[in-house]
Engineer: 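This is the structure I have questions about; it appears just below.
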Amino acid sequence: MKSEPFKYSWDDLVAEKEGTWDGVRNYRARNNLAAMKVGEEAFFYHSREGLEIVGVVTISVEGITDPTDPEGKWAAVKIKPKAKLKRPVSLQQIKADPRLAECELIRLGRLSVAELTPEEWKAILDLGGGLAKR
């Protein structure tokens, strides 16, 4: 899940304790949001500034309509911060790792909510040294 840190950062989510992931206006990203279930996890990626995965979030509320959409056709979820990665994983690292060559984060770079396989998830966690203790 990508967010521009000057608009909504990892630290903003931690301060709020729960945030709404809304404002997505891409059909593939919308479908990815709509498929998320409570308890599933996602990476929090700082886009435009930083260009790195910084933490893991947990989906706390699934299947809601985007509150910023007056027509009610776009999806949203609520998320809670789980933990930061021990080390942020840069886009450069992701692009350089052959295990991640086919991931949506690389193939569909403008996609704000990308799907990862379990193998890609593990590869990114490995690059980040695992989760930091809270």
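Note that the numbering runs from 1 along the sequence shown for the chain. None of the values given here were measured: they were computed from a predicted structure.
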Engineer: Check Lys122 with Asp126, please: is the shortest side-chain N to carboxylate O separation under 4.0 Å?
Structural biologist: yes
Engineer: First locate atom OG of Ser60, then atom NZ of Lys17, and finally report the distance between them rounded to the nearest 0.5 Å.
Structural biologist: 14.0 Å
Engineer: For Leu13, is there any backbone N or O sitting under 3.5 Å from a side-chain donor or acceptor partner on Glu16?
Structural biologist: no
Engineer: Hydrophobic cluster membership, with links at side-chain heavy-atom distances under 4.5 Å among I/L/V/M/F/W/Y: are Leu125 and Leu91 in one?
Structural biologist: yes
Engineer: Establish whether Leu51 and Ile53 are linked, either directly or via other cluster members, by ILVMFWY side-chain heavy-atom contacts under 4.5 Å.
Structural biologist: yes
Engineer: Consider only side-chain heavy atoms of I, L, V, M, F, W and Y, link residues closer than 4.5 Å, and tell whether Leu85 and Ile94 are in one cluster.
Structural biologist: yes
Engineer: Considering only Ile, Leu, Val, Met, Phe, Trp and Tyr, and joining two whenever side-chain heavy atoms are under 4.5 Å apart, list the other residues clustered with Ile64.
Structural biologist: Val61
Engineer: Are Leu33 and Trp21 side-chain neighbours, meaning at least one heavy-atom pair lies under 4.5 Å?
Structural biologist: yes
Engineer: Can you tell whether the side chains of Asp66 and Arg30 come within less than 4.0 Å, N to carboxylate O?
Structural biologist: no
Engineer: What verdict does the side chain to side chain contact (heavy atoms under 4.5 Å, CB included) test give for Leu127 and Arg99, after you've listed the backbone C-alpha separation in whole Å, the side-chain angles of each residue and the deciding distance to 0.1 Å?
Structural biologist: CA-CA 11 Å; Leu127 289 171; Arg99 299 173 294 176; 4.0 Å; yes
Engineer: Could you walk me through whether Leu105 and Lys2 pass the side chain to side chain contact (heavy atoms under 4.5 Å, CB included) test, one step at a time?
Structural biologist: CA-CA 10 Å; Leu105 184 61; Lys2 292 181 182 178; 3.4 Å; yes
Engineer: Let me check something: do Phe43 and Leu108 share a hydrophobic cluster, defined by ILVMFWY side-chain heavy atoms less than 4.5 Å apart, either directly or through other members?
Structural biologist: no
Engineer: As an exercise, state the distance from CG of Asp97 to SG of Cys103, rounded to the nearest 0.5 Å.
Structural biologist: 9.0 Å
Engineer: Side chain to side chain contact (heavy atoms under 4.5 Å, CB included) between Phe44 and Val56: does it pass, once the steps are laid out?
Structural biologist: CA-CA 6 Å; Phe44 193 110; Val56 173; over 6 Å; no
Engineer: Can you name the nearest heavy-atom pair linking Val24 to Ala29, along with the distance?
Structural biologist: CG1-CB, 3.4 Å
Engineer: Any carboxylate oxygen within less than 4.0 angstrom of a Lys/Arg side-chain nitrogen, looking at Lys78 and Glu62?
Structural biologist: no
Engineer: Give a yes or no on whether the backbone of Thr68 and the side-chain of Asp22 come within a donor-acceptor separation of less than 3.5 Å.
Structural biologist: no
Engineer: What is the minimum heavy-atom distance between Ala42 and Met1, and which atoms define it?
Structural biologist: CB-SD, 3.7 Å
Engineer: Using only heavy-atom distances, determine whether the side chains of Lys82 and Thr58 contain a donor-acceptor pair under 3.5 Å.
Structural biologist: no
Engineer: Indicate if Met36 and Tyr8 have the same hydrophobic cluster label, given that clusters are the connected sets of ILVMFWY residues with side-chain heavy-atom separations under 4.5 angstrom.
Structural biologist: yes
Engineer: Would the distance check show the side chain of Ser3 and the main-chain N or O of Ser9 forming a donor-acceptor pair, the cut-off being under 3.5 Å?
Structural biologist: no
Engineer: Hey, could you give me each pair passing side chain to side chain donor-acceptor pair (under 3.5 Å) that has a residue in residues 45-55? Not counting sequence neighbours.
Structural biologist: Glu4-Arg48
Engineer: Any sub-3.5 Å donor-acceptor pair from Asn32's side-chain atoms to Val113's backbone N or O?
Structural biologist: yes
Engineer: Any non-hydrogen side-chain atom of Arg28 less than 4.5 Å from a side-chain atom of Glu104?
Structural biologist: yes
Engineer: What is the distance from atom CZ of Arg110 to atom CG of Asn26, rounded to the nearest 0.5 Å?
Structural biologist: 9.5 Å
Engineer: What's the verdict on side chain to side chain contact (heavy atoms under 4.5 Å, CB included) for Val57 and Trp10, showing C-alpha distance, side-chain angles and the deciding distance?
Structural biologist: CA-CA 9 Å; Val57 300; Trp10 173 262; 3.8 Å; yes
